[in-house]
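One structure is given below, encoded as structure tokens.
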2 protein chains.
Amino acid sequence: MSSAVDEGDLTAKANIRNAALRLFAERGHDAVTVREIAAAAGVSPALVVHHFGSKDGLRAAVDDYAGQAFDALFSMDEHELAEALTGGSLGSVAEMFARAFPHGSPLPAYLRRLLLVNDPAGAALFGRWYALTRRLLDSMTELGVARPAEDPAVRAAFLLVNDLALVLLRNQVAAAIGVDPLTPEGIARWAGEATAVYTKGAFVATPGQESS
Amino acid sequence: MSSAVDEGDLTAKANIRNAALRLFAERGHDAVTVREIAAAAGVSPALVVHHFGSKDGLRAAVDDYAGQAFDALFSMDEHELAEALTGGSLGSVAEMFARAFPHGSPLPAYLRRLLLVNDPAGAALFGRWYALTRRLLDSMTELGVARPAEDPAVRAAFLLVNDLALVLLRNQVAAAIGVDPLTPEGIARWAGEATAVYTKGAFVATPGQESS
DNA sequence: ACGACTACTGAACAAGCGTTTAGCGTATTG
DNA sequence: CAATACGCTAAACGCTTGTTCAGTAGTCGT
């Protein structure tokens with residue numbers, strides 16, 4: 001009777017939202033049916049509509065919930081990161097991500113969907129993070145921690161995109177290097193190489209090579 | 001009657017495949033109906049099934065077609081790249097991509113779908129590219145063009161993933177920096193910063209900072 | 001005690017889906 | 001000149017989808 005995973009003692013509405021979040025993250029919005037979500041939450045399909053108006057309403061609620069979770073992650077770290085970077089190990093979006101979300105959380109996968117389906121929610125999220133990255137990079141340059149960039153707008157995008165790529169291609173990376181890069185061991189190995197490349201470079205400059 | 005875009009004088013089968021490729025790339029497999037594909041190709045829905053057996057058969061054919069296009073891109077460049085890197089500007093996957101596919105080609109977007117939907121075709125593609133990247137990086141290290149990595153497996157993944165990220169997040173990057181990074185101007189700006197970071201580094205090493 | 005309200009369900013609905021079927025016209029083949 | 005095969009279509013089939021409807025059980029304020 002109860003094939004559902006009752007997450008603690010949450011309300012049915014919260015259970016539906018959580019089930020939808022996980023299923024949407026795993027398989028995409030279109031591939032998941034209202035009946036599946038209802039079954040995963042242990043309720044009837046009609047209750048889903050009763051609480052959220054429609055499947056699109058549920059989708060919007062999930063987008064909102066996930067967006068809040070992501071923003072909370074970064075707003076709490078704006079000061080923290082500012083000193084983390086002047087101090088010891090330089091943090092990355094991917095590192096923060098892995099640390100903030102416990103293993104098995106559907107949120108990284110949901111972020112992937114948000115950024116890949118070209119919906120406004122994903123675009124807005126990226127825009128906010130890009131602005132944050134630019135601000136951070138400017139501060140770091142002033143502090144002398146970051147080398148000045150010839151094209152700051154592109155450099156900020158370059159660094160942000162590189163970090164997000166790890167989240168987006170997590171599964172493929174895991175298959176390639178044999179470790180899930182969003183687990184503690186994976187983070188350590190990844191951060192090691194990222195730090196090395198970002199401080200010492202990866203290639204040797206060849207003569208007569210300039211950006212054209 | 002002919003709302004279709006007859007691409008030259010191709011056969012109806014090829015027209016269907018091309019229409020499906022474009023629609024799949026734009027909106028994802030599940031969000032596109034057989035009727036839409038048929039309408040885009042200017043044929044009846046039944047003909048789609050007649051030629052490809054089923055919608056999944058069409059999807060497999062499109063996957064195959066796109067996979068061949070991607071592999072051709074890289075197999076033709078294995079030698080070419082080997083000398084390109086020892087010589088002048090160091091190429092990137094994204095650069096090759098942008099140069100190989102004319103503006104407006106659906107293939108970059110289709111690659112995005114392949115890599116983000118966790119289907120075997122995308123995983124296989126990534127695996128092949130990862131192997132290629134590792135080989136290339138080893139050669140470059142031997143030649144003294146690349147700095148030796150402490151963790152070569154991770155470094156290869158890091159560099160590959162960073163390149164792919166530009167393709168995956170193309171739209172968001174375009175919105176952020178104001179230029180589509182897969183156009184000639186965009187490539188130039190992006191390559192400039194990428195080269196700078198990869199040769200000179202982006203951050204200044206701080207004392208007592210080591211991986212882990 | 002009683003109506004009102006909320007959480008919730010089983011059954012059904014119309015619409016859209018992928019697919020099937022029967023058949024059209026036009027070639028190619030013996 | 002029949003016969004077979006191919007490219008192609010209109011119409012319909014069965015199924016699944018999101019959603020609606022009518023109604024049940026429990027709770028709350030009066």
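Just so we're clear, the structure is a prediction, and the values are computed from it rather than from any experiment. Within every chain, numbering begins at 1; the chains are lettered A, B, ... in the order of the sequence lines, protein sequences first and strands thereafter.
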Could I get the full list of salt bridge (charged side-chain N to carboxylate O under 4.0 Å, His left out) partners for [X], not counting sequence neighbours?
{"X": "B:Arg155", "answer": "A:Glu193"}
{"X": "B:Asp119", "answer": "B:Arg59"}
{"X": "B:Asp151", "answer": "A:Arg189"}

With [X] via side-chain contact (heavy atoms from CB on, under 4.5 Å) - residues at least two apart:
{"X": "A:Arg27", "value": "A:Leu23, A:Ala31, A:Val32, A:Glu36"}
{"X": "A:Arg113", "value": "none"}
{"X": "A:Ala131", "value": "A:Arg135"}
{"X": "A:Ala46", "value": "A:Ser44"}

Review item, nucleotides 22-27 of chain D N/O atoms under 3.5 Å of protein N/O:
none

request  = Using a 4.5 Å cut-off on heavy atoms from C-beta on, say whether the side chain of B:Thr133 contacts that of B:Asp163.
outcome  =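 No. Closest side-chain heavy atoms not under 4.5 Å.
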For [X] and [N], what is the distance between atoms [atom1] and [atom2] respectively, to the nearest whole Å?
{"X": "A:Arg27", "N": "D:dT17", "atom1": "CZ", "atom2": "P", "value": "10 Å"}
{"X": "B:Leu23", "N": "C:dC17", "atom1": "CG", "atom2": "P", "value": "13 Å"}
{"X": "B:Lys55", "N": "C:dG16", "atom1": "NZ", "atom2": "C1'", "value": "12 Å"}
{"X": "B:Asn15", "N": "D:dC8", "atom1": "CG", "atom2": "C1'", "value": "14 Å"}
{"X": "A:Asp30", "N": "D:dG18", "atom1": "CG", "atom2": "C1'", "value": "13 Å"}
{"X": "A:Phe52", "N": "D:dG18", "atom1": "CZ", "atom2": "C1'", "value": "16 Å"}

task = Would you mind telling me which residue lines up with the more 5' stretch of DNA chain C, B:Thr33 or A:Lys13, judged by nearest nucleotide?
result =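 So the residue in question is A:Lys13.
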query = NA contact type, B:Val32, heavy-atom cut-off 4.0 Å: base, sugar-phosphate, or nothing?
reply =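 Sugar-phosphate, no base atom in range.
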task = Give every residue pair that meets the ring pair (Phe, Tyr, Trp, His ring centres under 6.0 Å) criterion with at least one member in residues 13-42 of chain B, sequence neighbours excluded.
result =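 Counting only pairs at least two positions apart or across chains, the ring pair (Phe, Tyr, Trp, His ring centres under 6.0 Å) contacts touching residues 13-42 of chain B are B:Phe24-B:His29, B:His29-B:Tyr110.
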ask   = Applying side chain to side chain donor-acceptor pair (under 3.5 Å), which residue pairs with at least one partner in residues 173-186 of chain B are found, sequence neighbours left out?
value =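 Residue pairs with at least one partner in residues 173-186 of chain B: B:Arg170-B:Asp180.
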request  = Specify the residue among A:Glu36 and A:Gly53 whose closest nucleotide of DNA chain D lies further upstream toward the 5′ end.
outcome  =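 Result of the comparison: A:Glu36.
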message = Tell me which residues in residues 56-64 of chain B lie within less than 4.0 Å of DNA chain C, going by non-hydrogen atoms.
response =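 The answer is none.
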inquiry  = So that I know where these two stand, are A:Phe158 and B:Tyr198 an aromatic pair - ring centroids less than 6.0 Å apart?
reply    =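 Yes - the distance between ring centres of A:Phe158 and B:Tyr198 falls below the 6.0 Å cut-off.
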I'd like a list of close polar pairs between nucleotides 9-13 of chain D and the protein, N/O only, cut-off under 3.5 Å.
unit_1	atom_1	unit_2	atom_2	d
D:dT9	OP2	B:Ser44	N	2.9
D:dT9	OP2	B:Ser44	OG	3.0

